[in-house]
Amino acid sequence: MQSSQSTSRRSGPLAGLKVIDLTHVMAGPTCTLMLADMGADVIKIEKWPNGDDTRHSVPPKIGDEAASFLMMNRNKRGIVLDLKTDGGKEVLRRLIADADVLVENFAPGAMERLGFGYEALHAEFPALIYCSLSGFGRTGPYKHRRGFDLVAQAMSGIMSFTGERPDGPPVKCGPPLSDITAGLLASMGILAAYTHRLKTGEGQWVETSLYEAALVQTYWQSTIALAAGTAPRAMGSAHPLNAPYQAFEASDGWLVVGGANKKHWLLMLEALGASELADDPRFVTGADRMANLKELEAVLSERFRTQTRAHWLAALDEKGVPCGPVHDMLEALSDPQTLAREMVVEVEHSTLGPVKTIGLPIKFSETPGKVRSGAPVYGEHTREVLAEHGFDQSRIEALEKEGAIVSAQEKREERVA
């Protein structure tokens, strides 16, 4: 028999934590993905008949599966419930009774209408940690609005200062910034609530929103707005408080340089062979450089265009100046540092075989997490999970006949018939 310590070492720091995942698309699945990668047993409950919307976010596909669903749902077990049926509600209630955490990102009021709102569940399961993600949160004038990343980026101010120039059109950040950040905040909140429960035995309601997740990405721009009473505008790749801290074009490509503080500024000038700029009154201090940013950009850009990117990266790195190439996504994913940190890994999928995915960004010396299993096919673990929670074979078959549950095995049997 293996010790609990060896099991924990193999499975991650959250081994033994049971999570009911009632989320879909991006923000909620990001939250439960973090928990699953750190060892939690996450049971993903998909709706009937279409499942998580990311199953239909194609192209691309890998085999018959949407690549977007595969990315966001590895390390989870998947079941299918119709929560509009009595049987579906019966199954969910029994799963909750054995769970530590429930995570949901339904539309406002949906969980209450189904009979699984926080107040009702807290009265029955006081130790349950109940996490909600929404567009705007459960209070305030916008609490009933649905939210999307695009809306959160717009209303948080992010789109007003993203782009190449201050008079340009609003620009959305490429990745779904508020979705991913909300998921990370939710997972952090769940772990804080779990710590509290370990001390007191009490569960609680943890909630965050896309809007708040977008706002916390604006710390520097909010600093300027609150302190100076001015709204920052788009600056391209430049920093609103420090310079030079941006991208420059070499003779054959782009690189970024962080030469903002005095030490790195002087070392950067040495690497560029431009030490005379150290005494230029326009650029002596950080405040001087920010006040004359356009002139600074012009002078440095002219210098950077005289040599290749590799030349400048080597010269800057030798001086200890923070710098790096501007990668496209394929270059980033194949970078030696990416691979050394196991940020691209292969995981075995039950029908597709090995599938590449993003690795776990948090490293633990004693209880490492791991990408253990591929994303579930639709209803892959329905029968397995129900059996673990006390449903016998005849009851499972009755629930399938009712349409309360769907299993991959049931689908396979239908195809054979």
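Here the structure is a predicted model, which means the values were calculated and not measured. In this chain, residues are counted from 1 in sequence order.
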Minimum heavy-atom separation for [X] to [Y], with atom names?
{"X": "Glu112", "Y": "Tyr118", "result": "OE2-N, 4.4 Å"}
{"X": "Pro244", "Y": "Trp265", "result": "CD-CE3, 3.6 Å"}
{"X": "Ala182", "Y": "Thr208", "result": "O-CG2, 3.7 Å"}
{"X": "Ala152", "Y": "Ala214", "result": "O-CB, 3.7 Å"}
{"X": "Leu184", "Y": "Ser187", "result": "O-OG, 2.8 Å"}
{"X": "Ala408", "Y": "Val377", "result": "CB-CG2, 4.1 Å"}

Could you give the distance from [atom1] ([X]) to [atom2] ([Y]), rounded to the nearest 0.5 Å?
{"X": "Leu81", "Y": "Leu83", "atom1": "CG", "atom2": "CG", "answer": "5.5 Å"}
{"X": "His24", "Y": "Glu104", "atom1": "NE2", "atom2": "CD", "answer": "9.5 Å"}
{"X": "Met26", "Y": "Ser68", "atom1": "CE", "atom2": "OG", "answer": "9.0 Å"}
{"X": "Arg197", "Y": "Ile129", "atom1": "CZ", "atom2": "CD1", "answer": "5.0 Å"}
{"X": "Leu272", "Y": "Gln307", "atom1": "CG", "atom2": "CD", "answer": "10.5 Å"}
{"X": "Asp98", "Y": "Leu95", "atom1": "CG", "atom2": "CG", "answer": "7.5 Å"}

Return a table of donor-acceptor pairs under 3.5 angstrom between the side chains of residues 321-336 and protein atoms on other chains or two or more places apart.
{"residue": "His327", "atom": "NE2", "partner": "Asp335", "partner atom": "OD2", "Å": "3.1"}
{"residue": "Asp328", "atom": "OD1", "partner": "Leu330", "partner atom": "N", "Å": "3.1"}
{"residue": "Asp328", "atom": "OD1", "partner": "Glu331", "partner atom": "N", "Å": "2.8"}
{"residue": "Glu331", "atom": "OE1", "partner": "Asp328", "partner atom": "N", "Å": "2.8"}
{"residue": "Ser334", "atom": "OG", "partner": "Leu330", "partner atom": "O", "Å": "3.0"}
{"residue": "Ser334", "atom": "OG", "partner": "Glu331", "partner atom": "O", "Å": "3.3"}
{"residue": "Asp335", "atom": "OD1", "partner": "Gln337", "partner atom": "N", "Å": "2.8"}

Are any side-chain N or O atoms of [X] and backbone N or O atoms of [Y], one a donor and one an acceptor, separated by less than 3.5 Å?
{"X": "Asp21", "Y": "Ile43", "answer": "no"}
{"X": "His56", "Y": "Asn50", "answer": "yes"}
{"X": "Arg289", "Y": "Ala243", "answer": "yes"}

Take atom [atom1] of [X] as the centre, draw a 6.0 Å sphere, and report whether it contains more than 12 heavy atoms from other residues, nucleotides or ligands.
{"X": "Phe148", "atom1": "CZ", "value": "no"}
{"X": "Glu302", "atom1": "CD", "value": "no"}
{"X": "Asp86", "atom1": "CG", "value": "no"}
{"X": "Glu164", "atom1": "CD", "value": "no"}
{"X": "Asp392", "atom1": "CG", "value": "yes"}
{"X": "Glu212", "atom1": "CD", "value": "yes"}
{"X": "Lys61", "atom1": "NZ", "value": "yes"}
{"X": "Phe161", "atom1": "CZ", "value": "yes"}

Exercise. Do the ring planes of Phe248 and Phe304 sit parallel (below 30°), tilted (30 to 60°) or perpendicular (above 60°)?
Worked result: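 Answer is parallel, since the angle falls under 30°.
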Is there a side-chain contact between [X] and [Y] in this structure, where contact means two heavy atoms from C-beta onward sitting under 4.5 Å apart?
{"X": "Val101", "Y": "Tyr194", "value": "no"}
{"X": "Leu316", "Y": "Met268", "value": "yes"}
{"X": "Phe106", "Y": "Arg113", "value": "no"}
{"X": "Asp52", "Y": "Lys44", "value": "yes"}
{"X": "Lys47", "Y": "Asp53", "value": "yes"}
{"X": "Leu191", "Y": "Leu35", "value": "yes"}
{"X": "Ile224", "Y": "Thr230", "value": "yes"}
{"X": "Lys370", "Y": "Leu360", "value": "no"}

Exercise. Do we get Arg94 above Phe391's six-membered ring, with its NZ or CZ under 6.0 Å from the centre and within 45° of the axis?
Worked result: yes
Problem set entry | Thr32 versus Lys76, side-chain donor and acceptor atoms under 3.5 Å | yes
For this session: Would you check if there is a donor-acceptor pair between the side chains of Thr218 and Gln221 at a distance under 3.5 Å?
Result: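 Gln221 vs Thr218: no donor-acceptor pair found between side chains.
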For this session: Before giving the answer on side-chain contact (heavy atoms from CB on, under 4.5 Å), spell out for Glu380 and Ser350 the whole-Å C-alpha distance, their side-chain angles and the decisive distance to 0.1 Å.
Result: CA-CA 9 Å; Glu380 179 172 347; Ser350 60; 3.2 Å; yes
Exercise. Is there a side-chain contact (heavy atoms from CB on, under 4.5 Å) between His264 and Asn242 once you walk through the steps?
Worked result: CA-CA 12 Å; His264 290 144; Asn242 300 295; over 6 Å; no
Between [Y] and [X], is there a salt bridge with N-O shorter than 4.0 Å?
{"X": "Arg93", "Y": "Glu90", "result": "no"}
{"X": "Glu388", "Y": "Lys18", "result": "no"}
{"X": "Arg383", "Y": "Glu400", "result": "yes"}
{"X": "Arg233", "Y": "Asp167", "result": "no"}

Exercise. Pick from Arg74, Arg372, Lys363: which one makes a salt bridge (Lys or Arg N to Asp or Glu O under 4.0 Å) with Asp37?
Worked result: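 For Asp37, the salt bridge (Lys or Arg N to Asp or Glu O under 4.0 Å) test succeeds with only one of Arg74, Arg372, Lys363, which is Arg74.
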For this session: Please determine which of Ile45, Asp41, Thr382 meets the side-chain contact (heavy atoms from CB on, under 4.5 Å) test together with Arg77.
Result: Asp41
Exercise. Which residues pass the side-chain hydrogen bond (donor to acceptor under 3.5 Å, both in side chains) test with Glu249, sequence neighbours left out?
Worked result: none
Exercise. Yes or no on side-chain contact (heavy atoms from CB on, under 4.5 Å) for Leu185 and Val216, after CA distance, side-chain angles and deciding distance?
Worked result: CA-CA 10 Å; Leu185 292 173; Val216 300; 4.2 Å; yes
Problem set entry | side-chain contact (heavy atoms from CB on, under 4.5 Å) evaluation trace for Trp205 with His122 | CA-CA 9 Å; Trp205 196 357; His122 183 65; over 6 Å; no
Problem set entry | Thr181 and Gln217: CA distance, side-chain angles, deciding distance, side-chain hydrogen bond (donor to acceptor under 3.5 Å, both in side chains) verdict | CA-CA 8 Å; Thr181 304; Gln217 291 287 346; 2.9 Å; yes
Would you mind writing out the side-chain donor-acceptor pairs for residues 172-179 within the sub-3.5 Å range, not counting sequence neighbours?
{"residue": "Lys172", "atom": "NZ", "partner": "Gly174", "partner atom": "O", "Å": "3.4"}
{"residue": "Ser178", "atom": "OG", "partner": "Asp149", "partner atom": "OD1", "Å": "2.8"}

